[in-house]
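Small disclaimer: the values here were computed from a predicted structure and weren't measured. Sequence lines set the chain letters: A, B, ... in the order given, protein chains first and strands last, and positions in each chain run from 1.
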Amino acid sequence: MVKLIIPVSKPEEGAAGLTGIWRSFKPIIDQEKCKHCLMCWLYCPEGAIERIGEDKLTVKINYDYCKGCGICADICPFKAITMVREE
Amino acid sequence: MSISIRDLPLEEYVLLGNAACPGCPASIGLRMLGKALEGKFILVVPACCTSIIQGPYPKSAIKVPVLNIAFAASAATASGIRAGFEALGKKDVQVVVWAGDGGTADIGIQALSGAAERNENIIYICYDNEAYMNTGIQRSSATPYGAWTTTTWRGKTEFKKNVPLIMAAHRVPYVATASIAYPLDFIAKVRKAAKINGFKYIHLHAPCPTGWRFPSDKTIEVGRLAVLTGMWVLYEIENGVFRLTGVSKSLLDKSKRKPIEDYLKLQGRFSKISDEQIDLLKRHVDELWMEYKHLMESG
C-alpha cells in the first residue's frame, strides 16, 4: 500500500504550539484606565489581543498565545497595561 | 483618504501560535497586509524570516495561500502566478511577493528588476529588517552604515542600498516606502497599490529586536524614531511624481528632525559606533534628504 504524502501545510492555530509558555513577563490590562483606543490591538504582532463585547471595543489578552513581548504596554497612551513577571 | 483603527477588519490572517520571535515586526507587517487586502491575495515567500513564522509542516500560520520559493526566484514566480490568473480570468486576487531585504536587495534583485521592467501586475513588498536575521544576523546590502552584524563586527563600512529609488528608476507605476510603526500609512499604500495596474513596489521598514539588539517591547518606538530622525523616509512615487507622506511631510526642514543619536542609542548594534562614524551617517542622511527634495521639486 503506497501512502501519498502531499507536502502542503494547512492553516491552523498553534503552528508552533502554545506560544504563551515562551513568556517571562505577562501584560495585565487595567480596564478602568483603558480608553478603548485599540492601539494595543493594532500593534500586537501576534493578534493575541481580542476585541470583545457588543461594540468590539473592549480588549482582552489571549494568554495561551501571548508571547509577552511587551509592545502593548510600551505603546499604550494611557499606561493601562503593565508587565508583571510570570510566577 | 484616511483610515481609522476602528474601521479595520477584525479578521486575522496571521494565526495565533506562529513561530515568530516576540516583538517581531514582520508579523505586524503581515497582519496589516492581511487587513489591507482583506484576505484576497496569494503570497509568494522566498527564504526569509516569514518562512519560519509560517511554522513547521503540516501546519501553516498564514491563512492565505503561500508559495515558498527559492531565494532568487520570488518576483519571477509571482509573474508566472499572475499570468496563470490572467489565463483563468481571475482579476480580484492580488499576487503579493513578501520578501526580506536579503531576498530583495541582494539575492532577488535580478528577478525583481526583470519583473519591474516587464511591468508585471504584482505587488512586491520588501520588509526590511536590515540584515539576514533568521540565519544569524549577517549583513546585507540594506544594512546601514556603522551597524554591527555577525559579519561586520566592527560596524558596516558601506552605506545602505537605496532599493526604492532603484525601483523608481525602472519607471514602474507605483513605488512607496512605509514603516511598521505607521501601520495605517502602510495599509493606505497597499490599498492604493492594489488599485493600480502594473508593477507596484513597497519597501517596509521593520525594526528587528533580535538582530538590532533592543528589548522586544521597543519595536514600535525604534520604528517611529527611524522616521522622526529622518533615517527612514516615508514617501510614494506615483507615475513618476514624488510625494512625502505621513509624518515625513513635516521633516523636510532639518531642524524639525530629532537628533540621529536618539535612534542609535536604543539599539545594541550601534553601541560601538564612534563620533566620526555618526558624523558620516548624519552627512549621508542629509544628502539623502537633499536628493528627495530635488525629486520633489522636479516633480
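Looking at every heavy atom in both residues, B:L16 comes nearest to A:G47 through CD2-O, 3.6 Å. Between B:C24 and A:P45, the shortest heavy-atom distance links the atoms O-CB, 3.5 Å. When all heavy atoms are compared, the tightest approach of B:G55 to A:A15 is CA-CB, 4.2 Å.
Using a 4.5 Å cut-off between heavy atoms, A:I6 touches chain B through its backbone atoms (N, CA, C, O) alone. Proximity to chain B is absent for every atom of A:C72, based on heavy atoms less than 4.5 angstrom apart. Proximity to chain A is absent for every atom of B:A26, based on heavy atoms less than 4.5 angstrom apart. Within the 4.5 angstrom heavy-atom criterion, atoms from both the backbone and the side chain of B:I5 approach chain A. For a residue to count as touching a neighbouring chain, one of its non-hydrogen atoms must lie under 4.5 Å from one of that chain's; by this rule B:L30 does not touch chain A.
With sequence neighbours left out, the side-chain contact (heavy atoms from CB on, under 4.5 Å) criterion links A:P7 to no other residue. With sequence neighbours excluded, the residues forming a side-chain contact (heavy atoms from CB on, under 4.5 Å) with B:A72 are B:I107, B:Q110, listed by chain and number.
Between A:L42 and B:P183, the closest side-chain pair of non-hydrogen atoms falls below 4.5 Å.
Chain A forms the most heavy-atom pairs under 4.5 Å with one residue out of B:I62, B:L10, B:V14, and that residue is B:L10.
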Could you list each N or O donor-acceptor pair linking chain A to chain B at a distance under 3.5 Å?
unit_1	atom_1	unit_2	atom_2	d
A:I6	O	B:Y57	OH	3.2
A:K10	N	B:P58	O	3.1
A:K10	O	B:S60	N	2.9
A:E12	N	B:S60	O	2.9
A:G14	N	B:L16	O	2.8
A:A15	N	B:G17	O	3.1
A:A16	N	B:G17	O	2.7
A:H36	O	B:R6	NH2	3.2
A:W41	O	B:R31	NH1	2.9
A:W41	O	B:R31	NH2	3.1
A:L42	O	B:R31	NH1	3.3
A:Y43	OH	B:A181	O	2.7
A:Y43	OH	B:R224	NH2	3.4
A:C44	O	B:R31	NH1	2.5
A:E46	OE1	B:N18	ND2	3.4
A:K67	NZ	B:N18	O	3.1
A:K67	NZ	B:N18	OD1	2.9
A:K67	NZ	B:A20	O	2.7
A:C69	O	B:S216	OG	2.8
A:C69	O	B:D217	N	3.2
A:D74	OD1	B:K218	NZ	3.1

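Distance check: A:I71 CD1 to B:I220 CD1 gives 5.0 Å after rounding to the nearest 0.5 Å.
The 12-atom threshold is not exceeded at CD1 of A:I5, counting heavy atoms of other residues, nucleotides or ligands nearer than 6.0 Å.
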